[in-house]
Amino acid sequence: MWSKELAEIKEAGLYRQLRTVDVVDDGGYALVNGKKMLMLASNNYLGLAHDERLIEASIRATKRLGAGSTGSRLTTGNTTLHEQLEERLAQFKQTEAAIVCNTGYMANIAALTTVVGKEDVILSDEMNHASIIDGCRLSRAQTIVYSHCDLHDLEEKLKAASAYRRRLIVTDGVFSMDGNIAPLPGIVALAQRYDALVMVDDAHATGVLGCCGRGTAEHFGLTGSIDIQMGTLSKAIGAEGGYIAGSRLLIDYLLNRARPFIFSTSLPPGVIASALEAIGIIQQEQERRQHLLQMSRKLYGGLTALGYDIWGGETPILAVICKEANKAVSLSQMLYEHGIFAPAIRPPTVPMGTSRVRLTVMASHQKQDIERVIAVFRTIHC
Ligand SMILES: *Cc1c(COP(=O)(O)O)cnc(C)c1O
């Protein structure tokens, strides 16, 4: 029944297969299909997923409270740890309150399907993450896509959207494929002018951007101006889960109405304890983020000096633009042969003609790791 569809996927060169990735140390290296490789594809930006303190916190909580949480948050799955984590997140994000969902994906679905409905309009950046796209579809609001980071296009579309009950602008804070930062000051100004709400997906910015790692809003000095701040606990925070931070009213409403929050068993205590521990570490050990950004800039500088067309640079996400899909695939292959793991990203994930190899730097990487990557790039080309 599905073999014809799969054959078509294979023919288009878009067939996907799983690889096993067993991370063997603090995250800088991993066993990919059994081969030890420098990991340049992980979202574990601060190297916290393998931090002993997170692991120990998880074990302690699991022993005390169990392997599973036994129910949804509104039935039996709400431990004191869950409540502590939400308080901690609100404090970290400098909002009145926060709510945790099981994944970042679910947090986006929860927020978008709850805060807007049929009478409303969502203005969504064309490069937004798939979970935002799915949230928009499920929300039943009219969705209008604006050109990537294009404030002029956003303004035109806001002007045309004045008849709707509510307008919601939604954007990634850091774009996962391009590594660039959304123009939040301009977005916030337009939202004020055209009476719109702003939602930012800080999956790649939480723990990474801003002078205390609070994310994109902090990076721009706009912490009080974003209505809905979504993020994930699974990237820099090194655990698993998603969150939404905002006003007390917003969070209360989500708790009462957001179906992904209400109808799913809550995260297990061990995961919650790891996330709590990680937020403490992020706030105390600012040098992790500084080192991460230093290594990212070093890689960016080294590769652009070799003549590569690199997007990103302000964040740990760098895109080595190869244009054609097969060139990106062969660059990724060559890196693989040199013991460097970095995947090729092709359409439809990115627009035609912008196929790339995506590199993500981690705080676990040292100067000599980055120098080795640059040396490998010097000997190959895409
Ligand atoms: C990873 C990611 C998500 C989803 O988060 P998970 O916790 O992995 O479900 C949402 N938005 C963006 C921009 C992401 O990169």
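Each ligand, and each atom within it, is numbered from 1 in the order the structure gives.
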Return the closest protein heavy atom for atom 8 (O) of ligand 1 as residue, atom name and distance. S234 OG, 3.6 Å

Can you sort out which atoms of ligand 1 are near A203, meaning under 4.0 Å from one of its heavy atoms? 2 (C), 11 (N), 12 (C), 13 (C), 14 (C), 15 (O)

Going by heavy atoms, is K235 under 4.0 Å from ligand 1? yes

Report yes or no: does N108 contribute a side-chain atom to a donor-acceptor pair with the main-chain N or O of Y105 at less than 3.5 Å? no

Suppose we call two aromatic rings close when their centres sit under 6.0 Å apart. Are F175 and H204 close by that rule? no

Checking a contact table here: which protein heavy atom is nearest atom 3 (C) of ligand 1, and how many Å away? H129 CE1, 3.5 Å

Atom 9 (O) of ligand 1: closest protein heavy atom, distance to 0.1 Å, is Y105 N, 2.9 Å

Below a 4.0 angstrom heavy-atom separation, can you tell me which part of M106, side chain or backbone, both or neither, approaches ligand 1? neither

Keeping E86 on the side-chain end and V100 on the backbone end, is there a donor-acceptor pair under 3.5 Å? yes

Just jot down the ligand 1 atoms closer than 4.0 angstrom to any heavy atom of T103, in number order. 7 (O), 9 (O)

For atom 5 (O) of ligand 1, find the nearest protein heavy atom and state the residue, atom name and distance (0.1 Å precision). G104 CA, 3.3 Å

Is there a heavy atom of S131 sitting under 4.0 angstrom from any atom of ligand 1? yes

Are the side chain of T232 and the backbone of G241 linked by a donor-acceptor contact shorter than 3.5 Å? yes

As an exercise, identify every atom of ligand 1 less than 4.0 angstrom from a heavy atom of D172. 13 (C)

Without swapping roles, check the side chain of S274 against the backbone of A239 for a donor-acceptor pair under 3.5 Å. no

So do T206 and L233 actually touch side chain to side chain, heavy atoms under 4.5 Å? no

Side-chain heavy atoms of R167 within contact of D195, under 4.5 Å: yes

Residues D150, K157: salt bridge by 4.0 Å N-O rule: no

Which residue and atom name correspond to the protein heavy atom nearest atom 11 (N) of ligand 1, and how close is it? D201 OD2, 2.5 Å

Give the atoms of ligand 1, by number and element, whose distance to some non-hydrogen atom of H204 is under 4.0 Å. 14 (C), 15 (O)

